[in-house]
Structure formats: structure tokens, C-alpha cells
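To find a chain, count down the sequence lines: A is the first, B the second, and so on, and within it residues start at 1.
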Amino acid sequence: MNSLWGQPLPQSFYEKDTEDLAYALLGVVLAHQTPEGLTAGRIVEVEMYRGSLDRAAHSYSGVATKRTRVMFGPPGHAYVYFIYGMHYCLNVVSAPEGKGEAILVRALEPLVGLDIMARRRNMALFNPSFSKDSQRLTNGPAKLAQALGINSRQYGWPLFESPLSLHQIEDPVSKTKIARGPRINVSYAKEAADFDWRFWIRDNPFVSRG
DNA sequence: TGATCGATGCTCT
DNA sequence: GAGCATCGATCAA
């Protein structure tokens, strides 16, 4: 737990419809306390995945497997998966329990521990005063996982009581400042490929694709 | 600035 | 055995 922002958001925060939670997550701080130090960033882009409604979701079959087990569990837990042989991605499990719905965190605006993030990302020449470099730290789901030190060890962690936590440090982002559109790299998912289930803070330079 | 493509290994069929 | 909720290097313009 870290003392910078006090208590993390309680489990009740996650007990809402998945689309409402996707909106609510924008502007929230994701923090990870490790022996290396604290790294944290503001969520600026997410995608939602909706179980058996959604051909693109890992939980589409409706059957919990070893990989997807936490997606079907109670909300507020971390669903971390391994992809393309080398990358990890972080999802926030949402309600209702049993549906297999979750929200992929696609981009952060880095706030704390940028030096640690740069080291983990092998950006040796990182210069915090050069904004183009700081944008490259966390503007993609696998990038932010690497920058925050997230991998299979964090699978299933409760985000309301673990070293990986979410914090509300500002008023919720107004819907008028939020853009939405189709998700990235799900063209195989037939009708679900066209769903506007990606949400991002409009004009924010840290999103993966504006 | 944008398109293309290889790396790399787990998951599910 | 095929495919993948990605990234970064490379090449063309």
C-alpha cells in the first residue's frame, strides 16, 4: 500500500455495469508499490470486453479456463494475460460476477517513478524533460505493464487491497471529454469488431492512438 | 509519417 | 498446430 494517495478505491467501486466502470476508470491513478519503488500513472485509455456477448473476449466461450478464471470471479481483481510470446497486459475485472467481463487498461499518463519505468522499459537515455520520451513509457497495454512491473505474478490480485491499487485523485472525467471508438486489433471478432468499446480521454497525448 | 514484418511462447482447438 | 486484446525496427517516401 502507498501513502501518497491514501486508501485505494474500495471493492464497491467496481460493482457497476462494465461500461459505467470503463468511463469511471478514466482519470483514476493506477499505482504499483514494489521493492524498486513506487510507479504510478493516470489511466487515459481503456477497452471493455464483455464475456459471452463479445467474440473478442477471452471469456467468450462462457467457460472459465486456467487463464480466464479470474475474469469470472468477483470484480476489482487484476486479470493479467501473456500475449505474442513476450508481452503482458492488465485488465480490471468488472461486475457482474460470473459474466467474464473485464476492462483492458491501454494507456497511462505517467506520474510517479518515471526513472524506474524507463529502466524497466530499457530506455537508458530517457530524459524526463523530453515529453516525447515520457509518452513512449506507457502508451500501450504491454508498455504500461512493463513500466509498472506487472506480469503473471500479479494475476488475480485484489486492486482494493494489494501493492497494485487504484486511487481517485481528481473529480471523475466528464463524458464530454471522453471519446469512444472501435477496439484495437480485434478485426477477427466479426460483429464485435465494430463495437465502440474503446474509451479514451480526448486529445490526451498519452493515449496509444488518438 | 506510415506501412510492413519478425520476434516469441502460451492458450485453446 | 494455428492464432494472438503487441511492440519496435526497418524501409519507403
Could you state the [atom1]-[atom2] distance from [X] to [N], rounded to the nearest angstrom?
X      : N      : atom1 : atom2 : value
A:R50  : C:dA5  : CZ    : P     : 19 Å
A:H58  : C:dT6  : NE2   : P     : 9 Å
A:K66  : B:dC10 : NZ    : C1'   : 10 Å
A:Y49  : C:dC4  : OH    : C1'   : 11 Å
A:R209 : C:dT6  : CZ    : P     : 8 Å
A:Y88  : B:dT8  : OH    : P     : 15 Å
A:Y84  : B:dG9  : OH    : P     : 16 Å
A:R55  : C:dG3  : CZ    : P     : 16 Å

Discussion item. Just N and O in the side chain of A:N185: are any of them under 4.0 Å from OP1 or OP2 of C:dA5?
Written reply: no
Worksheet item: Between A:T65 and B:dC12, does any side-chain N or O lie under 4.0 Å from OP1 or OP2?
Response: yes
Item to complete: Report, as yes or no, whether the 6.0 Å neighbourhood of atom CG on A:D196 holds more than 12 heavy atoms from other residues, nucleotides or ligands.
Response: yes
Worksheet entry | Aromatic ring proximity, centroids under 6.0 angstrom, A:Y49 and A:H58 | no
Just distance, no hydrogens or angles: give the donor-acceptor pairs under 3.5 Å from side chains in residues 67-77 of chain A, sequence neighbours left out.
from  : atom 1 : to     : atom 2 : distance (Å)
A:T68 : OG1    : A:T65  : N      : 2.8
A:T68 : OG1    : A:T65  : OG1    : 3.1
A:H77 : ND1    : A:G156 : O      : 3.1

Item to complete: Just jot down the salt bridge (Lys or Arg N to Asp or Glu O under 4.0 Å) partners of A:D20, sequence neighbours excluded, or say none.
Response: none
Worksheet item: Does A:R202 have any salt bridge (Lys or Arg N to Asp or Glu O under 4.0 Å) partners at least two apart in sequence or in another chain, and if so, which?
Response: none
Fill in: Lys/Arg N to Asp/Glu carboxylate O, A:E19 vs A:R180, below 4.0 Å
yes
Worksheet item: Between A:H32 and A:L148, is there a donor-acceptor pair closer than 3.5 Å when you use the side chain of the first and the backbone of the second?
Response: yes
Discussion item. Suppose we screen for side-chain hydrogen bond (donor to acceptor under 3.5 Å, both in side chains). Which residues come up paired with A:T34, at least two apart in sequence or across chains?
Written reply: A:R120
Practice prompt. Could you check which residues of residues 74-82 of chain A get a heavy atom under 4.0 Å from DNA chain B? Sort them by number, please.
Written response: A:F82
Fill in: Partner residues of A:Y23 under the ring-ring contact (aromatic ring centres under 6.0 Å, His included) criterion, sequence neighbours left out
A:F199
Practice prompt. Give each stem of DNA chain B as a range with a range, requiring at least 3 consecutive Watson-Crick or G-U wobble pairs whose two distances are under 3.5 Å.
Written response: B:1-7 with C:6-12, B:9-12 with C:1-4
Discussion item. If hydrophobic residues (ILVMFWY) are linked whenever their side-chain heavy atoms come closer than 4.5 Å, directly or via other members, who joins A:Y60 in its cluster?
Written reply: none
Discussion item. Distance to the ring centre below 6.0 angstrom and angle to the axis at most 45 degrees; does that hold for A:K16 and A:F13?
Written reply: yes
Distances for protein N or O near nucleotides 7-12 of chain C N or O, under 3.5 Å:
from  : atom 1 : to     : atom 2 : distance (Å)
C:dC7 : OP1    : A:P141 : N      : 3.3
C:dC7 : OP1    : A:A142 : N      : 3.2
C:dC7 : OP1    : A:K143 : N      : 3.3
C:dC7 : O4'    : A:H87  : NE2    : 3.2
C:dG8 : OP1    : A:R121 : NH1    : 2.8
C:dG8 : OP1    : A:R121 : NH2    : 3.1
C:dG8 : OP2    : A:K143 : NZ     : 3.4

Worksheet item: Which residue pairs satisfy the ring-ring contact (aromatic ring centres under 6.0 Å, His included) criterion with at least one member in residues 85-109 of chain A, sequence neighbours excluded?
Response: A:F82-A:Y88
Side-chain donor-acceptor pairs of residues 98-113 of chain A under 3.5 Å, sequence neighbours excluded:
from   : atom 1 : to     : atom 2 : distance (Å)
A:E101 : OE1    : A:T18  : OG1    : 2.5
A:E101 : OE1    : A:R50  : NE     : 3.2
A:E101 : OE1    : A:R50  : NH2    : 3.1
A:R106 : NE     : A:E45  : OE2    : 2.9
A:R106 : NH2    : A:S208 : OG     : 3.2
A:E109 : OE1    : A:R42  : NH1    : 3.1
A:E109 : OE1    : A:N204 : ND2    : 3.2

Worksheet item: What is the nucleic acid contact for A:R67, judged by heavy atoms within less than 4.0 Å: base, sugar-phosphate only, or nothing?
Response: sugar-phosphate
Discussion item. Under 4.0 Å, heavy atoms only, any strand: does A:S61 hit a base, just the sugar-phosphate, or nothing?
Written reply: nothing
Between N or O atoms, less than 3.5 Å apart, protein on one side and nucleotides 2-4 of chain B on the other: list the pairs.
none

Discussion item. Students often mix this up, so state it plainly: with edges at 30° and 60°, are the rings of A:W5 and A:H167 parallel, tilted or perpendicular?
Written reply: tilted
